[in-house]
Colleague: 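Take a look at the following structure, please.
For reference, positions follow the sequence shown, starting with 1. One-based numbering, in listed order, for ligands and for the atoms of each.
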Amino acid sequence: MIELINVTKEYGGTPVLKNISLRIDEPGIYCLLGRNGAGKTTLLKSVAGYQNITGGEIRVDGKPVTTAALETGVSYIENFARHFNLPVRRLLRIASRMNPSFDEEFAWEMTERFELDGKKKFNHLSLGMKTMVSTIVCLASSKSVILLDEPVLGFDAIMRVEFYEMLAESFRKHPRIIIVSTHIIEEIAKTIQKLIIIDKGTIRFFDTLQAVEEKAFSISGLKNEVDAVTEKLHVIGQDIVGGLATSYVYDTLPADAGLSVEIQRLSLQDFFIQMVGHKGGKKS
Ligand code: ADP
């Protein structure tokens, strides 16, 4: 279980995490979605105990996280491997020796599946392959919390598909909390259950993907009619052109909502764009 209570983090007086409270208590694959600079890495590193926070408290499985803790229940995809320029198979053996609960069978199986050359030194691998080795080590660690920071950077399209399969397989084998940060949502949508949106150091959204599918809509038409339909709904954004408007809502629609206006479901990408306010328009 992960708990963040009023967490703040500043770099040189500039707030990067702003009073974040979040509780993740169910096993699942979670997507941490945010634009570049939103605070994803800072949040994940703080949960992993890689850096101290400025205020508040973080607990993992009930224990406070500090940078002083040698052993935590968290595995963070920090490139452990880059510190050792050794052949891949030796790296896996070291990882296994350092961690008695390391799932060697999973690690070797994944190494074969991704055709990683066990004899090749880590620094001679491509960026994608390096990330793959680090991800395998992270997932094989059998820890109760797995944090993968932008893991698909450097992967080609086929590696990305295989990566999502590996993630799902790892979760089936060891159900636990796996958080994957990304700024591209659509590809990972089939693999994840819950979505956390972070924007400028604040959590803007935390719910299931199913909730987004059921409650995220665009409503278009004459502005006064759109405004009448959305008056009591949670509006997350609005575009206005002349007398026409499109409002973006996250809510349960009344049965008669579509009589005078056009209603469409929002794609995940469009929902994200509205939540983090890329476009102009009214924000709630
Ligand atoms: P993300 O992972 O969402 O791209 P980060 O957590 O890496 O975002 O960064 C959030 C903000 O904090 C950015 O503005 C970044 O420049 C700043 N930042 C990150 N690390 C440091 C640091 N060590 N010192 C100063 N500023 C930092």
Side-chain angles (χ1 to χ4, degrees), residues 2-24 29-60 65-69 72 74-83 127-128 130-132 134-135 138-139 145-155 160 163-164 167 177-189 191-192 194-207 209 212 236 268-279 283:
I2 303 174
E3 282 171 285
L4 286 88
I5 306 149
N6 301 328
V7 170
T8 56
K9 172 70 183 171
E10 294 177 358
Y11 291 116
T14 306
V16 171
L17 301 181
K18 300 171 188 164
N19 207 28
I20 289 184
S21 291
L22 184 69
R23 187 188 167 95
I24 301 177
I29 305 178
Y30 296 74
C31 176
L32 176 63
L33 188 64
R35 298 186 68 188
N36 283 328
K40 300 183 293 296
T41 300
T42 304
L43 182 69
L44 295 181
K45 279 191 170 167
S46 303
V47 172
Y50 277 59
Q51 59 186 22
N52 281 317
I53 49 178
T54 311
E57 193 178 358
I58 302 178
R59 292 174 170 266
V60 171
V65 171
T66 65
T67 48
T72 67
V74 182
S75 185
Y76 176 71
I77 194 192
E78 200 249 358
N79 262 331
F80 122 95
R82 81 188 145 89
H83 301 300
L127 171 66
K130 280 180 185 155
T131 310
M132 199 56 96
S134 301
T135 307
C138 202
L139 288 173
V145 172
I146 303 285
L147 307 176
L148 301 175
D149 195 2
E150 300 267 9
V152 297
L153 285 181
F155 285 4
R160 290 204 296 275
F163 166 80
Y164 300 127
L167 210 55
I177 295 171
I178 301 179
I179 304 181
V180 187
S181 80
T182 183
H183 56 275
I184 309 164
I185 176 72
E186 302 288 359
E187 276 186 2
I188 201 177
T191 317
I192 60 166
K194 282 201 175 179
L195 180 62
I196 306 164
I197 296 180
I198 182 169
D199 186 38
K200 300 189 186 91
T202 310
I203 301 296
R204 292 277 288 139
F205 181 82
F206 179 35
D207 209 335
L209 278 197
V212 179
I236 55 175
L268 272 175
Q269 187 70 30
D270 286 341
F271 175 67
F272 171 56
I273 288 170
Q274 290 306 320
M275 288 307 282
V276 302
H278 279 218
K279 288 181 175 178
K283 299 286 164 230

Colleague: Work out whether the distance between some heavy atom of Gly34 and some atom of ligand 1 is less than 4.0 Å.
Modeller: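 Gly34: no contact with ligand 1 (<4.0 Å).
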
Colleague: Measure the acute angle between the ring planes of Phe206 and Tyr30, then classify it against the limits of 30° and 60° as parallel, tilted or perpendicular.
Modeller: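 Ring orientation of Phe206 relative to Tyr30: tilted.
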
Colleague: Could you tell me whether Lys45 sits above the aromatic face of Tyr76, with NZ or CZ closer than 6.0 angstrom to the six-membered ring centre and within 45 degrees of the axis?
Modeller: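 Not satisfied by the 6.0 Å and 45° rule.
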
Colleague: Measuring from non-hydrogen atoms of Arg35 to any atom of ligand 1, is the shortest distance under 4.0 Å?
Modeller: yes

Colleague: Tell me: protein heavy atom nearest atom 4 (O) of ligand 1, and distance?
Modeller: Gly37 N, 2.7 Å

Colleague: Around atom NZ of Lys18, are there more than 12 heavy atoms from other residues, nucleotides or ligands closer than 6.0 Å?
Modeller: yes

Colleague: Quick check on contacts: which atoms of ligand 1 are under 4.0 angstrom from a heavy atom of Lys40?
Modeller: 1 (P), 2 (O), 3 (O), 4 (O), 6 (O), 8 (O)

Colleague: For Asn36, counting its heavy atoms only, list the atoms of ligand 1 lying under 4.0 Å from any of them.
Modeller: 4 (O)

Colleague: What protein heavy atom sits nearest atom 7 (O) of ligand 1, and how far off is it?
Modeller: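 For atom 7 (O) of ligand 1, the nearest protein heavy atom comes out as Thr41 CB, 3.6 Å.
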
Colleague: Tell me the closest heavy-atom pair linking Tyr164 and Glu187, and the distance in Å.
Modeller: OH-OE1, 3.1 Å

Colleague: I'd like to know if the side chain of Thr8 reaches the main chain of Asn19, judged simply by a donor and an acceptor atom lying under 3.5 Å from each other, with no hydrogens or angles considered.
Modeller: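 Judged by distance alone, no pair lies under 3.5 Å.
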
Colleague: May I ask you to identify the nearest protein heavy atom to atom 27 (C) of ligand 1, giving residue, atom name and distance to one decimal place in Å?
Modeller: Tyr11 CD1, 3.2 Å

Colleague: Counting heavy atoms only, which part of Val16 comes closer than 4.0 Å to ligand 1: side chain, backbone, both or neither?
Modeller: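 Looking at Val16 and ligand 1, just side chain atoms fall under 4.0 Å.
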
Colleague: Can a protein heavy atom be found under 4.0 Å away from atom 10 (C) of ligand 1?
Modeller: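 Within 4.0 Å of atom 10 (C) of ligand 1, protein heavy atoms are found.
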
Colleague: I need the minimum non-hydrogen distance between Leu17 and Ser46, along with the two atoms involved.
Modeller: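 Looking at all heavy atoms of both residues, the closest pair is CD1-OG, 4.2 Å.
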
Colleague: Would you indicate whether the side-chain heavy atoms of Leu195 and Leu268 approach each other to under 4.5 Å?
Modeller: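 When only atoms from C-beta onward are counted, Leu195 and Leu268 do touch, with a gap below 4.5 Å.
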
Colleague: Checking a contact table here: which protein heavy atom is nearest atom 6 (O) of ligand 1, and how many Å away?
Modeller: Thr42 OG1, 2.5 Å

Colleague: Taking the side chain as every heavy atom from C-beta outward, state whether Arg35 and Phe272 have any pair of such atoms under 4.5 Å apart.
Modeller: yes

Colleague: Just need the protein heavy atom nearest to atom 8 (O) of ligand 1, so name the residue and atom and give the distance.
Modeller: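 That would be Gly39 N, 3.2 Å.
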
Colleague: Please indicate, with yes or no, if any protein heavy atom is found under 4.0 Å from atom 16 (O) of ligand 1?
Modeller: no

